[in-house]
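The block underneath contains the structure these notes are about, expressed in structure tokens.
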Amino acid sequence: MPTDRVQLYDTTLRDGSQMEGISLSVEDKVRITRKLDELGLEWIEGGFPGSNPKDAEYFRRLQSVELKNAKVSAFGGTRKPNLTCETDANIQSLVAAETPGITLVGKASMYQVREILETSAEENLAMIAETVGYFKALGKTVFFDAEHFFDGFTDDPDYSLQCLATAARAGADALVLCDTNGGMTTSRMLRAIEAAQHRVNDVRLGIHCHNDTGLAVANSMAAVEAGVWQVQGCVNGYGERCGNADILTILANLKLKMGLDVVEDEQLARLTEVSNYVSELANMVPNPQAPYVGASAFAHKAGYHAAGVMKDERAYQHIDPGLVGNSSRVLVSELAGQRNLLMKLQERGIDFPLSQAEVKSLLETVKEKESQGYQYEGAEASFELLVRRTLPGYQAPWEIEDFVIVERRRQGHGRSPLNEMVAEAMVKLRVEGELQHTAAEGNGPVNALDAAVRKALSVNYPALSSVKLVDYKVRILDSKDATGARVRVLIESTDGTAYWTTVGSSTDIIEASWLALADALEYALLRAA
Ligand SMILES: [Zn+2]
């Protein structure tokens with residue numbers, strides 16, 4: 001529900017993915033795009049097509065993805081000094097992305113222009129004007145990210161403002177003021193915003209904050225209160241160094257504290273789910289203390305508080321956790337849990353009338369699995385199988401009787417002097433009543449197991465030959481137990497048209513991998529059926 005007062009712009013897929021430890025596959029990025037679209041964000045910055053082929057591939061994939069709410073923007077710099085837009089390869093990669101929006105980052109600091117870009121003040125202004133104009137002529141929505149605006153304003157206010165005015169004259173749809181180094185305090189930032197509003201009063205402003213002073217959300221909120229229109233941020237505050245402004249916190253603040261209807265109530269109720277979903281795909285441990293969405297955000301440990309919460313939920317909570325899809329851990333709302341579960345079933349197209357008792361028991365199974373380290377937010381295929389297995393009449397296409405894995409270190413010699421690890425798996429599977437016994441080698445235990453199981457299944461299910469595993473993620477769940485810790489494995493598979501993710505959890509990494517793998521193949525057969 002876009003409001004005219006404020007616009008949410010997500011940059012998780014570009015700025016957020018700069019965070020140490022985050023590496024998103026093209027498919028991860030497509031799935032996150034869909035999720036953010038469901039959340040109701042207006043703009044999603046998809047990536048930097050000029051910087052890496054993965055992002056260019058993402059924009060190609062996106063051509064066939066239908067979005068309900070969001071528009072996607074491609075990010076890149078203004079043209080290079082002394083080139084034309086037509087001859088600048090980065091500019092042309094933005095054209096090739098075929099997105100409705102283009103986000104152009106340009107220097108808005110005299111110091112940066114002289115010392116880092118090593119060009120003249122005039123050439124930088126020409127770069128801004130020509131590049132903005134070039135994309136406006138192509139009919140794009142153009143956001144101008146004024147890089148280092150605040151630091152530049154401190155040193156040479158007139159030049160920084162001139163950069164904004166230049167982009168505005170060239171037709172930019174919004175001028176986004178960036179605290180690129182994240183060092184601003186709120187009062188200094190507000191002074192610069194006021195000057196920008198004074199200088200350019202016919203083009204809307206945006207804000208892009210980093211969290212190096214721990215003020216990214218606070219500064220973004222203050223900017224909105226000062227009249228800034230577009231707010232940029234990242235899910236879970238991801239981003240390099242100390243992160244970007246957390247767009248989920250900002251979203252909840254705008255809606256619940258400022259009464260700005262940036263998303264529908266039902267979309268807000270998915271906030272916690274979106275946070276967990278993105279942490280699963282980014283393979284980042286969720287921050288339990290994240291405002292609104294963290295597991296501890298509404299947890300009450302002290303007996304005194306807990307007793308107060310029992311009497312009245314509002315006693316020690318600033319909002320009703322259900323509004324953002326979270327729950328207070330003292331009073332887990334059964335009803336909310338059941339409602340979420342039914343919503344998920346509907347989304348997966350599982351249309352099976354369940355009695356109240358069946359829903360309750362399913363919910364208990366999910367909770368039990370979660371206590372064993374499962375997490376279904378990023379693994380919908382495993383969730384669907386979990387549900388289907390409880391429905392009457394569901395028959396698993398095969399059953400594993402037994403498997404053995406042997407690993408050897410092969411001594412190198414002669415022409416292949418390198419030592420190598422070889423894994424061999426032997427499996428006994430019961431497929432439609434018949435026992436299959438196969439063996440296969442692989443470059444690791446999971447690879448060997450996968451090959452042996454496929455061999456056993458391929459006779460009855462030739463469709464499996466088109467199924468590929470495309471990603472494999474391992475997360476240590478309780479790192480304080482060191483090597484005795486539980487691990488969660490996420491496996492992403494594709495049959496060439498659809499992608500799905502499955503999960504397994506165990507204290508044994510091979511077992512966790514096997515559980516995720518077995519689900520991946522079972523789900524493939526379910527799709528093929
Ligand atoms: Zn940034």
Side-chain angles (χ1 to χ4, degrees), residues 7-24 29 32 36 41 43-52 55 72-78 90 94 101-109 111-113 116-117 128 142-154 160 163-164 167 172 174-186 188-189 192-193 196 205-224 228-251 278 282 284:
Q7 177 179 74
L8 289 172
Y9 179 108
D10 180 89
T11 177
T12 309
L13 300 177
R14 202 271 307 170
D15 224 1
S17 68
Q18 301 296 312
M19 182 158 167
E20 274 181 89
I22 292 188
S23 167
L24 296 169
K29 295 185 71 168
I32 291 174
L36 297 178
L41 300 186
W43 281 94
I44 298 169
E45 190 171 278
F48 197 166
S51 78
N52 66 68
D55 280 8
V72 173
S73 174
F75 175 92
T78 51
N90 282 319
L94 288 173
I102 296 289
T103 302
L104 286 176
V105 60
K107 299 266 184 226
S109 145
Y111 160 81
Q112 291 279 334
V113 169
I116 310 299
L117 202 59
I128 294 171
V142 176
F143 301 118
F144 176 67
D145 270 10
E147 195 187 21
H148 296 289
F149 171 77
F150 292 102
D151 292 322
F153 180 85
T154 307
S160 295
C163 294
L164 297 184
L175 310 169
V176 184
L177 313 179
C178 300
D179 184 13
T180 308
N181 294 352
M184 280 296 125
T185 57
T186 311
R188 277 176 64 198
M189 173 171 275
I193 289 175
L205 298 182
I207 188 80
H208 176 109
C209 294
H210 282 260
N211 201 31
D212 300 72
T213 48
L215 289 170
V217 168
N219 284 348
S220 307
M221 298 298 300
V224 171
V228 165
W229 174 64
Q230 184 184 80
V231 195
Q232 300 197 349
C234 296
V235 172
N236 298 331
Y238 293 156
E240 60 185 330
R241 305 190 310 274
C242 311
N244 283 57
D246 188 331
I247 199 162
L248 301 184
T249 312
I250 292 172
L251 188 162
V278 176
M284 299 297 285

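Both ligands and their constituent atoms are indexed starting at 1 by order of listing. Below, each value reflects all heavy atoms present in this structure, side chains not excepted, and no hydrogens, waters or symmetry copies.
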Q. So among Trp43, Phe75, Trp229, which one has a ring pair (Phe, Tyr, Trp, His ring centres under 6.0 Å) with Phe143?
A. Trp43
(Q) Just to confirm my numbers, could you give the angle made at the Zn ion (ligand 1) by NE2 of His210 and NE2 of His208, rounded to 10°? (A) 100°
**Q.** Pair Arg14 + Asp55, salt bridge at N-O below 4.0 Å
**A.** no
(Q) Counting backbone and side-chain atoms alike, is an N, O or S atom of Cys178 positioned under 2.8 Å from the Zn ion (ligand 1)? (A) no
Q. By atom name, which N, O or S atom belonging to Asp15 lies closest to the Zn ion (ligand 1)?
A. OD2
Q: Please determine, by modelled atom types, if His208 and Asp15 share a side-chain donor-acceptor pair under 3.5 angstrom.
A: yes
Q.
Just so I know, are the side chains of His148 and Asn181 near enough to count as touching, which here means a heavy-atom distance under 4.5 Å?
A. yes
